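As the structure is a computational prediction, the values presented were derived from the model and not from experiment. Each chain gets a letter, A, B and so on, in the order its sequence line appears, and its residues count up from 1.
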Number of protein chains: 2
Amino acid sequence: MDEVDLTDRAEVQGDFETGLNADDQLELRVWLRLLTCANLIERNVRQNLRETFDTTLPRFDLMAQLDRAPDGLTMGALSRRMMVTNGNVTGLIDRLVTEGLVERRPAPGDRRAQVVRLTRAGKRAFDGMTPAHADWINEMFKGLGRQDMTALLRLLAKLKQSLAEREGQEK
Amino acid sequence: MDEVDLTDRAEVQGDFETGLNADDQLELRVWLRLLTCANLIERNVRQNLRETFDTTLPRFDLMAQLDRAPDGLTMGALSRRMMVTNGNVTGLIDRLVTEGLVERRPAPGDRRAQVVRLTRAGKRAFDGMTPAHADWINEMFKGLGRQDMTALLRLLAKLKQSLAEREGQEK
DNA sequence: CCTGGATATTTTAAACTTAAAATATCTTTC
DNA sequence: GAAAGATATTTTAAGTTTAAAATATCCAGG
């Protein structure tokens with residue numbers, strides 16, 4: 001039997017980089033590896049949030065933003081911070097309001113805007129999740145030393161800067 | 001007037017890190033910065049794909065995987081490489097098949113499996129997008145030197161390793 | 001004041017994504 | 001060789017996400 005083996009045994013647990021050549025452009029390799037790491041972390045957090053607290057990552061991210069802004073945020077500020085569209089935030093907030101975790105009220109002085117903030121229950125729920133969340137993240141970064149992390153933080157800052165510059169240009 | 005300024009002028013263009021304290025755990029800061037970078041890049045590529053080729057990022061990612069596997073991939077292999085669920089791939093492939101960019105055929109020797117590969121038209125379409133895609137990525141990494149990128153690549157490899165280890169454990 | 005452009009949000013339609021259940025097939029074991 | 005468990009995929013329902021259009025309000029200039 002010399003048929004092609006479609007199960008591709010070399011790829012037991014592939015990712016975006018699988019099949020990429022070492023002589024491909026460095027930039028692409030960095031980007032794909034970055035994406036792989038982000039996906040692995042996201043997947044882990046998502047699963048933990050579901051199993052431990054029966055909630056979702058977008059809900060958690062949104063609540064984390066509100067937790068850091070005790071005076072509340074407008075819908076627009078929220079969507080900028082979460083880097084998602086306005087419409088997306090509208091839907092998420094709708095659901096969180098229904099669940100009683102978030103409250104929406106008209107912004108003083110601007111009848112177009114809404115200010116959103118955590119309710120008492122929302123704050124309580126979020127505080128209950130924070131420690132476990134921190135543990136998960138810490139656990140995932142266990143393989144990196146303090147030096148590694150500061151180096152990584154610095155390089156990512158530089159990349160972020162490089163990315164932010166070309167955001168303004170747009171068109 | 002000494003009211004609270006809800007527009008928060010310091011946060012013209014916030015991101016996940018906005019509002020984070022410098023004394024927060026290092027791991028969390030690295031993770032959020034990583035996420036911010038990934039989001040900025042994704043957003044840029046997504047917009048470029050739409051404006052330039054009228055397509056989407058998931059479609060492009062899927063075609064990129066198939067392009068690297070000339071003999072095709074099973075649905076399962078594809079979902080592992082893209083790090084998304086099986087059902088997700090089913091839907092994406094359905095659409096790409098309809099558009100004539102991808103073909104699906106029974107896997108030889110296993111009647112449960114499907115082998116998917118780019119059609120002639122799909123290969124042509126993908127090849128037409130590759131150079132522009134590379135340019136976009138290169139442009140975004142312009143602020144990083146070769147040294148920075150290799151350092152970043154190394155650190156991310158270490159992180160990826162750290163993350164992969166705890167994947168196996170899972171229960 | 002009032003008109004035109006800017007800003008804040010919601011709505012809409014379509015696509016994407018997930019987790020879980022359902023199918024179908026393979027593989028092993030007795 | 002039939003039952004039990006493992007694998008490969010699809011289906012389902014709900015949620016998330018996007019881009020674009022629609023609303024509503026603000027603000028600046030005449």
Q114(A) CD to dT10(C) C1', in whole Å, measures 10 Å
Rounded to whole Å, the CG-P distance (L73(A) to dT9(C)) equals 10 Å
Got a sec, which residues hit ring pair (Phe, Tyr, Trp, His ring centres under 6.0 Å) with F60(A), two or more places apart in sequence or on another chain? F126(A), H133(A)
Heavy atoms only, 4.0 Å cut-off, all strands: where does S79(B) land among base, sugar-phosphate and nothing? nothing
Distance in angstrom units between R80(B) CZ and dT9(D) C1', rounded: 12 Å
Figure out the CD1/P separation between I93(B) and dT11(D), and round it to whole Å. 14 Å
Please list all pairs meeting salt bridge (Lys or Arg N to Asp or Glu O under 4.0 Å) that have one or both residues in residues 60-70 of chain A, counting only residues at least two apart or in different chains. D67(A)-K123(A)
Counting C-beta onward and ignoring hydrogens, is there a side-chain heavy-atom pair between R59(A) and L49(A) closer than 4.5 Å? no
Only one of L144(A), L34(A), L40(A) passes side-chain contact (heavy atoms from CB on, under 4.5 Å) with L159(B); say which it is. L144(A)
Distance-only, no hydrogens or angles: does the S79(B) side chain make a donor-acceptor pair with backbone N or O of G76(B) under 3.5 Å? yes
Would you sort out whether K160(B) and D15(A) count as a side-chain contact (heavy atoms from CB on, under 4.5 Å), showing the intermediate values? CA-CA 11 Å; K160(B) 182 175 157 183; D15(A) 60 38; 2.9 Å; yes
Can you measure M75(A) atom CE to dT7(C) atom P for me and round it to whole angstrom units? 19 Å
Just how far, in rounded Å, is P of dA14(C) from CG of L96(B)? 18 Å
Over how many whole Å does the gap from D94(B) atom CG to dT11(D) atom P extend? 7 Å
Strictly under 4.0 angstrom, non-hydrogen atoms only: write out the protein contact profile of nucleotides 17-24 of chain D, one letter per nucleotide from the 5' end, B, S or -. SBSS---B
Starting the side chain at C-beta, find the nucleotide from dT11(D), dC26(D), dA15(C) nearest to D110(A). dC26(D)
